[in-house]
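Data first, discussion second: the structure below is written as C-alpha cells.
Remember, it's 1-based here, ligands and their atoms both numbered in the order they're listed.
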Amino acid sequence: VAMTVPLPPVALPRFTLATLPTPLVQARRLERVLGGRLLVKRDDLTGFGAAGNKARQLEYLVGAAVAEQRDVLVTGGGPGSNFCPAAAGAARAAGMECTLVVYGDPPAVLPPNLALARACGARLRFTGAGRDLVDAAIEQEAQRLAAEGRRPVAVPRGGSSPVGAVGFAAAATEVVAQLEALRVEPAVIVVATGSGGTQAGLLAGLAGCGKDWRVVGVSVSRPLPEITSRVWELTQACAAILQRPPPSRDRVELVDARRPEAQARAIRRRRLALETEGLLLDETYTARSFAVAADLLATTDGTVVFWHTGGLVPALTALTGRLPH
Ligand SMILES: Cc1ncc(COP(=O)(O)O)c(C=O)c1O
C-alpha cells in the first residue's frame with residue numbers, strides 16, 4: 001500500500017470544529033437493492049451544528065480569521081444555504097460576530113437555515129438583487145464594517161475560496177487513508193457541487209496524495225461550463241497553497257442535476273436511502289448526488305464512494321415541518 005502524503009504540508013492556521021475522521025461505511029442494504037459495492041463517506045456527521053461538509057472549509061477559514069484577529073465574519077448565500085448557519089455557528093465558536101448577506105428580498109417567513117443562522121446570533125442583510133451579485137455585496141458589507149473601525153473578514157458564499165478548499169484537501173487525505181486501510185481502490189467518488197470548493201479541494205487533495213481517482217461532481221445550481229471552469233480554477237489555487245501539483249484538467253468531471261427529471265428521480269432515491277439504510281438526504285444536494293451514485297453503481301465496475309455532504313436542516317424540515325424562528 002502506497003504511503004499517503006500528509007496534507008496540508010504547510011502550517012495553515014486551523015480552528016477545530018469537526019470531529020474527524022468521519023466514518024466511511026459500507027451500505028450493505030442499498031447494495032442489495034442497487035447492486036455493486038457502495039461506501040458512504042458520512043460528512044453529515046462532522047459534528048459541528050448541522051454544518052455537514054462545510055465544517056471542513058470553516059476550520060481553515062475561521063483559522064485564518066482568528067490568526068488575523070478579525071472580529072466579524074462576513075459571508076452569505078441564498079435563502080436555502082446550509083453554509084450560512086454553519087458559518088454563523090463557527091463565528092460564534094471563535095468569538096466573532098457574523099453578518100450574512102443573502103440574495104433576494106427579506107422573506108415573510110425565514111427559511112429554516114436562515115432561522116438557525118439568526119438563532120446563532122448572525123445579522124442578516126438581504127440584497128434585493130440576484131444570486132450573482134452576492135459575493136460583491138459581501139465585499140461591500142466588509143468594507144462598510146471596516147470603515148466603521150471593525151476588523152471584518154469577507155468569505156465568498158459557500159466558503160469556496162482556495163483556503164476553504166484546503167479543508168477538503170485534508171478530507172481527501174482522510175479518505176485515502178480509510179480506503180487504504182480497507183485495501184479498496186475506488187472506481188469513482190460522487191459529491192454534490194454548488195459553489196465548487198468541496199469538489200476542488202477533493203481534487204487538489206487527491207492529486208497531492210498521488211491519486212488520480214475519478215471524482216464526479218453533481219452540479220445542483222450552475223450550468224456545466226460555468227461550474228467546470230470554477231472548480232478548475234479553485235483546484236489550481238488550492239493546489240498552489242498546498243505546494244503540490246494540481247491534477248490534470250480532465251479530472252474535473254461534472255454532471256448537470258438541475259433538470260426537473262433529475263429532481264424527481266432524486267426524490268425517489270431519497271426515499272429509498274431513508275427506508276433502506278436510514279440515510280437522511282436533502283432534496284437540493286445529497287438526494288441528487290446520491291441518485292447519480294446509484295446510476296454509477298449500475299454502470300461501473302468497482303467501488304462507488306458516495307460523499308454524503310449533509311444538508312440536515314432542509315432534510316429534516318422537509319420531513320417534519322419548519323423550525324420555529
Ligand atoms: C449539503 C451540501 N452538499 C454539497 C454542497 C456543495 O458544496 P460546494 O458549495 O463547496 O460545492 C453544499 C453547499 O452548500 C451543501 O450544503
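Taking atom 12 (C) of ligand 1 as the reference point, the nearest protein heavy-atom neighbour is Y285 CE2, 3.4 Å. Among all non-hydrogen protein atoms, the one lying nearest atom 1 (C) of ligand 1 is G311 N, 3.4 Å. For atom 16 (O) of ligand 1, the nearest non-hydrogen atom of the protein is N82 ND2, 2.8 Å. In terms of protein heavy-atom proximity, atom 10 (O) of ligand 1 is nearest to T198 OG1, 2.7 Å. At the shortest separation from atom 14 (O) of ligand 1 among protein heavy atoms lies K54 CE, 3.2 Å.
To the nearest 0.5 Å, atoms CG (L316) and CG (L280) are separated by 5.0 Å. Rounding to the nearest 0.5 angstrom, the gap separating the CG atom in N53 from the CH2 atom in W307 is 9.5 Å.
With ligand atoms numbered from 1 in the order given, ligand 1 contributes 1 (C) to contacts under 4.0 Å with heavy atoms of G310. Those atoms of ligand 1 that come under 4.0 Å of a heavy atom in A192, given as number and element, are 4 (C), 6 (C). Close approach of ligand 1 to S160 (heavy-atom distance below 4.0 Å) involves ligand atoms 10 (O). Heavy-atom contacts of G196 reach the following atoms of ligand 1: 8 (P), 9 (O), 10 (O), 11 (O) (cutoff under 4.0 Å).
Of the heavy atoms in V191, none comes closer than 4.0 Å to ligand 1.
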Which atom pairs, one a donor and one an acceptor, fall under 3.5 Å between side chains of residues 158-171 and the rest of the protein, sequence neighbours left out?
{"from": "S160", "atom 1": "OG", "to": "S195", "atom 2": "OG", "distance (Å)": "2.7"}
{"from": "S160", "atom 1": "OG", "to": "G197", "atom 2": "N", "distance (Å)": "2.9"}
{"from": "S161", "atom 1": "OG", "to": "V163", "atom 2": "N", "distance (Å)": "3.4"}
{"from": "S161", "atom 1": "OG", "to": "G164", "atom 2": "N", "distance (Å)": "3.1"}

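For CZ of R29, the number of neighbouring non-hydrogen atoms (other residues, nucleotides, ligands) closer than 6.0 Å is 12 at most.
Between the side chains of Q69 and R151, no donor-acceptor pair of N or O atoms lies under 3.5 Å.
Not a single heavy atom of G52 sits closer than 4.0 Å to an atom of ligand 1.
Distances from atom 9 (O) of ligand 1 to the heavy atoms of A86, S195, G194 put S195 nearest.
At least one N or O atom of T309, backbone or side chain, sits closer than 3.5 Å to an N or O atom of ligand 1.
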